[in-house]
Protein chains: 2
Amino acid sequence: MSIAIENFVKAIYKNDKHDTQDTKPGNIAKKLGISNAAATDMAKKLAAKDLLNYEKYQALKLTDKGTKMALNVVRKHRLWEAFLFKMFDMSLHDIHREAELLEHQTSDLLAEKISEYLGHPKFDPHGDPIPNADGEITTEDTSISLSDAIEGKTYTIARLMSDDKEFFDFCAQNQIKYRNTLTVSKQFIANKMTQISIGSNTIVLNEDFTKIIYVDEN
Amino acid sequence: MSIAIENFVKAIYKNDKHDTQDTKPGNIAKKLGISNAAATDMAKKLAAKDLLNYEKYQALKLTDKGTKMALNVVRKHRLWEAFLFKMFDMSLHDIHREAELLEHQTSDLLAEKISEYLGHPKFDPHGDPIPNADGEITTEDTSISLSDAIEGKTYTIARLMSDDKEFFDFCAQNQIKYRNTLTVSKQFIANKMTQISIGSNTIVLNEDFTKIIYVDEN
DNA sequence: ATTATTTTTTAAGTATACTTAAATTTTTTA
DNA sequence: TAAAAAATTTAAGTATACTTAAAAAATAAT
């Protein structure tokens, strides 16, 4: 299946999540930057391939097969975002753009290797769920902010909820990386500060930081 | 420029390295798995784009612009191979197949990030040179086998010249990974053995291993 | 409820990257 | 060196993924 088809199916899936009426050809066309005519055209073709149900003038509905394809692409996109975010010092915007391309040229095997390397994360750095290889999605987010973490426990970094460059620079310097492991050595409750050990470092963070660092219990 | 064009230009570049006569449309066609007619067709199109010089019945010759494009694709291919080889436990065959796809969907920025992460290697795990961002290639290979390394010096692993799964398993378990750093702590010259420290490990290797592990001096 | 606006669809056409079949040119070999 | 074989080119045609323009249907507004 082509890149155009994958993107089409993905657009329907994402729009549908947002609003069922949002999957009419015109909305998909706008999202993909193609003409309405092209979207109608493609919809008919994909209906013939059993990827979606097409009825004139109606919203497009993915079939199970189409949903599975969309989830597979979304999985690869979010795994790439997570992986590149962990590996390289790049802006989230740049990372998104790379993932948008790489998602279509990634075998299931490589996706699995990336997932394995990251410890099979259930959410990407934005907090969006990563479907598993069978297309299953974890809906409830069990991540907690570091400010709510429990003394003595070990966690994996699930999200860094910020766009601030200074914050990311600080994180990079202190091994605070998506998917890294840390242990909460002390919660200074009165002072709203948290002491963590990460790699060979021990760091005390104030509330400004602990509120935007989300972690999963190990 | 499309994937088809990138692959076409790359095929000419690689065939030309091997034999100048090897870049006639038919040979390129065979390499790409397309018909001779398609190759002639494409050759004319690319001549119009100033990527190659086309003369009827003659071998195809890349222009500077075409060579630059080919080198850029080759660079990305080899960087991906190097990167995936380092990061994941995958067969070289699988890695090649992934790189063949990813090479066309990789920005110059991401390529540079990968190169930086690997310490700007000049050769990939097969020993093929990795062009730099300007398309320059290092021709002479300065890597040496571990058996010829000098006591006390620190090296970066440049190649693992083997297809043997057991060897790779052993390497994986002992941090002997492409681009990792090691120090030669002792050469047991009489016994043809080499003691290295890599990460927190100390390993004594016999000649079977030191002859196929190639390193670059740091 | 009728008109105006917007959206969707149909129809016709384009660029890319191929295909097969036949014609032409080159290369090989006897 | 002339005929046979192989390669290249030309020509005609196909599938994909679009485009614009016009027609048809649905939605919104008065």
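Chain A is the first sequence line, chain B the second, and so forth, proteins listed ahead of strands; every chain is numbered from 1.
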In whole angstrom, what separates A/K49's NZ from D/dA15's P? 12 Å
Check: A/P131 main-chain N/O paired with A/R78 side-chain donor or acceptor under 3.5 Å: no
Got a sec, which residues hit salt bridge (charged side-chain N to carboxylate O under 4.0 Å, His left out) with A/D41, two or more places apart in sequence or on another chain? none
Expressed in angstrom and rounded to an integer, what is the separation of A/D41 atom CG from C/dT9 atom C1'? 10 Å
Could you check how far CG of B/N27 sits from P of C/dT27, rounded to whole Å? 13 Å
Quick check against the 3.5 Å criterion: does B/T23 have a side-chain atom that pairs as donor or acceptor with the backbone of B/L60? yes
Please list, in numerical order, the residues of residues 3-11 of chain B that have a heavy atom closer than 4.0 Å to any atom of DNA chain D. none
Starting from C1' on D/dT16, measure out to CE on A/M1 and report it in whole angstrom. 13 Å
Could you list the residues that satisfy ring pair (Phe, Tyr, Trp, His ring centres under 6.0 Å) with B/H126, not counting sequence neighbours? none
Please identify each residue that fulfils ring pair (Phe, Tyr, Trp, His ring centres under 6.0 Å) with A/F167, with sequence neighbours left out. A/F209
Any chance the side chains of B/K68 and B/N72 put a donor and an acceptor closer than 3.5 Å? no
Output the rounded distance in Å from CG (A/L60) to C1' (C/dT8). 11 Å
Pick out the pairs of N or O atoms, protein on one side and nucleotides 22-26 of chain D on the other, that lie under 3.5 Å.
unit_1	atom_1	unit_2	atom_2	d
D/dA25	O4'	A/Y57	OH	3.2

Side-chain (B/T63) to main-chain (B/L51) donor-acceptor, under 3.5 angstrom: yes
Excluding sequence neighbours, so at least two apart, what forms salt bridge (charged side-chain N to carboxylate O under 4.0 Å, His left out) with B/D141? B/R159
Side-chain donor/acceptor of B/D134 to backbone N/O of B/E136, under 3.5 Å: no
Which of residues 32-40 of chain A sit near DNA chain C, with a heavy atom under 4.0 Å from it? A/N36, A/A37, A/T40
Can you measure B/E55 atom CD to D/dT9 atom P for me and round it to whole angstrom units? 11 Å
With sequence neighbours excluded, tell me which residues meet ring pair (Phe, Tyr, Trp, His ring centres under 6.0 Å) with A/H104. none
Among residues at least two apart in sequence or on other chains, which ones pass side-chain hydrogen bond (donor to acceptor under 3.5 Å, both in side chains) with A/E112? A/R75
side-chain hydrogen bond (donor to acceptor under 3.5 Å, both in side chains) involving B/T181 - partner list, sequence neighbours excluded: none
Using Watson-Crick and G-U wobble pairs with both distances under 3.5 Å, what is the 5'-to-3' dot-bracket string of DNA chain C, with [ ] for crossing pairs and | for pairs outside the strand? ||||||||||||||||||||||||||||||
A/K45 NZ to D/dC18 C1': how many Å, rounded? 8 Å
Not counting sequence neighbours, list each pair that qualifies as a salt bridge (charged side-chain N to carboxylate O under 4.0 Å, His left out) and has a residue in residues 85-95 of chain B. B/D94-B/R97
Tell me: CG of B/D22 to P of D/dA7, nearest whole Å? 12 Å
